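Below you'll find the structure, written out as structure tokens, and then a few comments.
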Amino acid sequence: MNPTVYVTFKDGECREAMAFYAELFGGEVVAMMTFADGPMEMPPEKADWVMHSTVAIPGGAVMGCDDMGQYEPMAGCSISLDAPDLAKGRAIFAALAAGGKVTMPFEETFFSPGFGTVRDRFGINWMVGVYEEMPAG
């Protein structure tokens, strides 16, 4: 089994967020379906909002949609990303932090040569870490 992250975005930001994640993670948008593509009646201003999308990234996928008011904002949950090395971890963290809010700076910790937490500009919480040299035990 391979769990896949599925996130919701506010104010019709899903399309922009998924394009950003595809570029940042070296992936590809492989699905993008709007509410207008589905059978539900939608207000005209939300017809182009995303009903479902998928970004394929190396090692997995991120799925998402625009929130139609049924979910609380992302709280108490983060997407954890294992960066392949320290330089890539720093670069990913900086890109996610641009326009967002750093909740823990990316720095060395007792469990990682680089780890930090951030809420990106789309309201998604991320934990970016480098675990190449995890201590035993």
Side-chain angles (χ1 to χ4, degrees):
M1 292 190 291
N2 183 16
T4 301
V5 174
Y6 200 105
V7 293
T8 57
F9 298 90
K10 61 183 176 54
D11 302 326
E13 294 181 327
C14 182
R15 185 182 313 277
E16 179 186 356
M18 297 304 263
F20 172 70
Y21 299 148
E23 182 177 337
L24 176 61
F25 300 128
E28 175 185 6
V29 177
V30 296
M32 187 69 62
M33 187 181 326
T34 68
F35 284 101
D37 296 328
M40 300 176 292
E41 279 289 319
M42 297 303 298
E45 67 274 8
K46 294 183 179 181
D48 197 40
W49 282 22
V50 176
M51 180 172 57
H52 173 73
S53 64
T54 303
V55 171
I57 60 174
V62 176
M63 296 178 153
C65 67
D66 284 311
D67 180 21
M68 296 305 289
Q70 64 203 54
Y71 297 105
E72 293 295 318
M74 188 175 191
C77 182
S78 298
I79 299 173
S80 180
L81 183 73
D82 183 2
D85 57 57
L86 197 53
K88 187 72 171 174
R90 273 195 193 101
I92 289 170
F93 187 85
L96 291 169
K101 180 181 179 190
V102 172
T103 50
M104 179 181 169
F106 189 84
E107 59 192 13
E108 184 175 345
T109 67
F110 69 94
F111 59 87
S112 171
F115 177 85
T117 62
V118 62
R119 177 172 270 233
D120 73 17
R121 69 181 189 254
F122 304 107
I124 306 302
N125 298 319
W126 293 87
M127 298 167 59
V128 179
V130 179
Y131 304 108
E132 59 192 18
E133 299 175 19
M134 290 285 289

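Here the structure is a predicted model, which means the values were calculated and not measured. Here, residue 1 is the first one in the sequence, and each next residue gets the next number.
Between Phe9 and Ala17, the shortest heavy-atom distance links the atoms CE2-CB, 3.3 Å. The shortest heavy-atom contact between Val55 and Val29 is CG2-CG2, 4.0 Å. Residue Leu96 comes nearest to Phe20 through the heavy atom pair CD2-CE2, 4.0 Å, listed as atom of the first residue, atom of the second, then distance. Residues Gly89 and Val130 come closest through the heavy atom pair CA-CG2, 4.4 Å. A pairwise comparison of heavy atoms in Val102 and Ala97 identifies CG2-CB, 3.7 Å as the closest pair. Nearest heavy-atom pair across Ala87 and Asp85 is N-OD1, 3.2 Å.
The pair Lys46-Asp66 does not meet the salt-bridge criterion, since no charged nitrogen lies less than 4.0 angstrom from a carboxylate oxygen. Between Glu16 and Arg121, at least one side-chain N (NZ, or NE/NH1/NH2) sits under 4.0 Å from a carboxylate O, which counts as a salt bridge.
Ile79 has its side chain within reach of Val7: a pair of non-hydrogen atoms, C-beta onward, lies under 4.5 Å apart. Within the 4.5 Å cutoff, the side chain of Trp126 has no heavy atoms near those of the Thr117 side chain. Looking only at side-chain heavy atoms (C-beta outward), Val118 and Met104 stay at 4.5 Å or farther from each other.
When hydrophobic side chains of Ile, Leu, Val, Met, Phe, Trp and Tyr are connected at separations under 4.5 Å, Met68 ends up clustered with Met33, Phe35, Met40, Met42, Trp49, Met51.
Atom OG1 of Thr4 sits about 5.5 Å away from atom CG of Asn2, to the nearest 0.5 Å. Distance check: Tyr21 OH to Cys14 SG gives 9.0 Å after rounding to the nearest 0.5 Å. Of the inter-residue distances, the one linking Asp67 atom CG with Lys10 atom NZ reads 10.5 Å to the nearest 0.5 angstrom. Atoms OH and OG, from Tyr6 and Ser53 in turn, are 6.0 Å apart once rounded to the nearest 0.5 Å. Once rounded to the nearest 0.5 Å, the distance linking NZ of Lys88 with CG of Asp82 reads 13.0 Å. Rounded to the nearest 0.5 angstrom, His52 NE2 and Thr34 OG1 are separated by 12.5 Å.
Around the CD atom of Glu41, the shell of radius 6.0 Å holds no more than 12 heavy atoms that belong to other residues, nucleotides or ligands. Around the CD atom of Glu107, the shell of radius 6.0 Å holds more than 12 heavy atoms that belong to other residues, nucleotides or ligands.
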Discussion item. Set out, in order, the CA-CA distance, both residues' side-chain angles and the distance that settles side-chain contact (heavy atoms from CB on, under 4.5 Å) for Met18 and Thr54, then state yes or no.
Written reply: CA-CA 8 Å; Met18 297 304 263; Thr54 303; 5.8 Å; no
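Phe25 and Met63 fall into different hydrophobic clusters, where Ile, Leu, Val, Met, Phe, Trp and Tyr side chains are chained together by heavy-atom contacts under 4.5 Å. Note on Phe111 and Met127: same hydrophobic cluster, where clusters join Ile, Leu, Val, Met, Phe, Trp and Tyr whose side-chain heavy atoms are under 4.5 Å apart, directly or indirectly.
Contacts classified as ring pair (Phe, Tyr, Trp, His ring centres under 6.0 Å) and involving residues 86-107 (residues at least two apart or in different chains) are given here: Phe93-Phe106.
The backbone N or O of Glu13 sits nowhere less than 3.5 Å from a side-chain atom of Asp11 that would complete a donor-acceptor pair. A donor-acceptor pair under 3.5 Å links the side-chain atoms of Asn125 to the main chain of Cys77, judged by distance alone.
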